[in-house]
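These numbers come from a predicted model, not from an experiment. In what follows, every chain begins at residue 1, and chains take the letters A, B, ... in the order their sequences are listed.
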There are 2 protein chains.
Amino acid sequence: MGRTSDARQKILDAAQALIELRGYSALGVAEICKAAGVPKGSFYYFFESKESLALTVLDEHWAAQRTAWTGLLTDTATPPLHRLRRLFEETEAAQLAGQQDCGTVSGCMFGNLSLEMSNQTEAVRTRLQEIFDAQVDMVEAVVAEARDRGEAGVTDVHEAARSVVAQLEGQVLFAKLYNSTGRLGSLWPNCLALLAARAPEGTAVRA
Amino acid sequence: MGRTSDARQKILDAAQALIELRGYSALGVAEICKAAGVPKGSFYYFFESKESLALTVLDEHWAAQRTAWTGLLTDTATPPLHRLRRLFEETEAAQLAGQQDCGTVSGCMFGNLSLEMSNQTEAVRTRLQEIFDAQVDMVEAVVAEARDRGEAGVTDVHEAARSVVAQLEGQVLFAKLYNSTGRLGSLWPNCLALLAARAPEGTAVRA
DNA sequence: ACCCAGTCTACGACCGGTCGTCTAGTCTTA
DNA sequence: TAAGACTAGACGACCGGTCGTAGACTGGGT
C-alpha cells in the first residue's frame, strides 16, 4: 500500500538482482515478472519498455552507490588516501558478499552493462557515461586533496582518477570472470602506484 | 570444394565482425548468415550450435592476437619496456582503425564476452580464463625481463602483469563506452607506474 | 444509508515476429 | 548410382509488447 505501488518496486528489485546475475539481453520480461511475483501484464503498466526498466534500475543502483561513495570519500576526518583505500576495501567486501549470496561474483553492473548494451541503445550509453563521469569526478576530488597534501605526486588529477577507476573496472572484470575476489587486494597498492609521480617520458622508474 | 568450405569461413568472419559490433546475445543466427551470404539452413551443418560458433570465433580471434602479441613481445632486439609500449600503441591503433571502419570503438572482444557470457555458459568462461591467463603470462615474461635489467622495480611480476592487463581492459572499456580512443594514450605511463616498485604498506601516506 | 456512473489500478490473454534447431531433401562429384 | 556436401523450409518455444477489461475506489444524487 505504499504511495508508489510495491509491485513496481518488486519488479525493480528482481530486475536488479537478475541483471547482476545473468545480464540484460539474456533476460526476459516474463522471467523478471515471475521472480518478482508480479503478473507479466502489469509490467507494461509500470514501465514503458524493457529498456526503460534498465534505465530505471541503473538510476536506482547508481543513486545507492553514489550515496555510499559520498559517505566514504567526503569524510574529512580521515586522510584522503585512506578514504580511497576504504573504497577499495568496501568494493572487495561487496563482491565477496555477492559471491556468498548467489555463488557468483557479479562484478560491476555499470561495467557489465557498458560492454553489453552501450552499442545497442544510445540512452543507456549516455546514462552510463554520466555515471562514470560522476565516479571519476568523485575520485578526482580525493586525489586532488591528496596531491595538495603532498601525498600524491601526480599532476593531471583527472586522468589519474580515470585510471584508478579503469583499474578498478579491469580488476573487477577479472574477479567476475574467475569468480574469485581473492586478487582484488591488489587494488590499493595499484592505486598508490598510479597516484605516484610519473616520469615525463620513456625510461625506467626508480623507487 | 575447399577442404574446409569457404562458407564456414564466411560465417566465422561475419560472426566475428558482428559480435564485435553488437555483442553475442543480441545477435541472431539468421542475421549472421545473412551477413555472411550463407543460407541459414547451412549454419547447423558447419556448427553444432550458436555457442559452439562463439567458441570457434573466440579461438580464431585469440590465435590471431596471440601471433601478433608474440611478434611484438618476444622481439629481443628492442628493450622489454619498449616492447610493452609498442603493444599499447598497437592496441590504440587497432581500436582507432575499428572506429574508422565501422564508426564504433569495438573494445576488446575477450573483455566484452567475459562480461556478457561468462555467467551463461561455463565453456566460454573457461576459454576466456585460458586466454587471459595466456595474455598475462606473455606480459609477465616481458616484465620479468625488464625487472632483471633493473628497469622495473616490481617484485611480484605475475601480479604486476595481471594489473597491467586489467588496466588495459579498463581503459578499453572506457574507450568503447565513450566511443573515443583519445585517452588510450595514458596506457603507457600507467603501465610504467604499475611496474615501479611498490611500497610494502601504505608508504605514501604520512598522516 | 444506498446506489450508481466514472475513474484509475492492475492484469490475463494474446499478438506478430524471431529465436535456435532440425529434418528431409537437392545438388555435386566420382 | 552411391556418397557426401550443402540447403530450404518449417518446427515449437519464447520474445517484447498490446489491449480489453475486471475490480477497487470515488463522489455526488437521492
Once you round it to whole Å, what is the distance between [atom2] of [N] and [atom1] of [X]?
X: A:L53; N: D:dG17; atom1: CG; atom2: C1'; result: 14 Å
X: A:I32; N: D:dC15; atom1: CD1; atom2: C1'; result: 12 Å
X: B:I11; N: D:dT7; atom1: CD1; atom2: C1'; result: 11 Å
X: A:R8; N: C:dT9; atom1: CZ; atom2: P; result: 13 Å
X: A:F47; N: C:dT9; atom1: CZ; atom2: P; result: 15 Å
X: A:Q9; N: C:dA10; atom1: CD; atom2: P; result: 14 Å

Look at the side-chain N and O atoms of B:Y45 and state whether any lies under 4.0 Å from the OP1 or OP2 oxygen of D:dA5.
yes
Give me each pair satisfying ring-ring contact (aromatic ring centres under 6.0 Å, His included) with a member in residues 113-147 of chain A, each pair once, sequence neighbours excluded.
A:F132-B:F174
I need the full list of ring-ring contact (aromatic ring centres under 6.0 Å, His included) pairs touching residues 19-38 of chain A, with sequence neighbours left out, sorted by first then second residue.
none
For A:V142, which of A:L84, A:L72, A:V164 qualifies under side-chain contact (heavy atoms from CB on, under 4.5 Å)?
A:L84
With a cut-off of 3.5 Å and sequence neighbours excluded, list every side-chain donor-acceptor pair involving residues 94-109 of chain A.
residue, atom, partner, partner atom, Å
A:Q95, OE1, A:G107, N, 3.0
A:Q95, NE2, A:G107, O, 3.1
A:Q99, NE2, A:N179, O, 2.9

Exceeds 12 heavy-atom contacts within 6.0 angstrom, atom CZ of A:R183
no
Kindly give the atom pairs (protein nitrogen or oxygen, nucleotide nitrogen or oxygen) under 3.5 Å for nucleotides 20-24 of chain C.
residue, atom, partner, partner atom, Å
C:dG20, OP1, B:L27, O, 3.2
C:dG20, OP1, B:K50, NZ, 2.8
C:dG20, OP2, B:V29, N, 2.7
C:dG20, N7, B:K40, NZ, 3.4
C:dG20, O6, B:K40, NZ, 3.3
C:dT21, OP2, B:Y44, OH, 2.3
C:dT21, OP2, B:K50, N, 3.0
C:dT21, O5', B:Y44, OH, 3.3
C:dT21, O4, B:K40, NZ, 3.2

Classify the angle between the aromatic ring planes of A:W62 and A:W69 as parallel (below 30°), tilted (30 to 60°) or perpendicular (above 60°).
perpendicular
Got a sec? Which of residues 113-123 of chain A come in under 4.0 Å of DNA chain D, heavy atoms?
none
Residue pairs meeting salt bridge (Lys or Arg N to Asp or Glu O under 4.0 Å), one or both in residues 121-143 of chain A, sequence neighbours left out, come to A:D59-A:R127, A:E122-A:R125
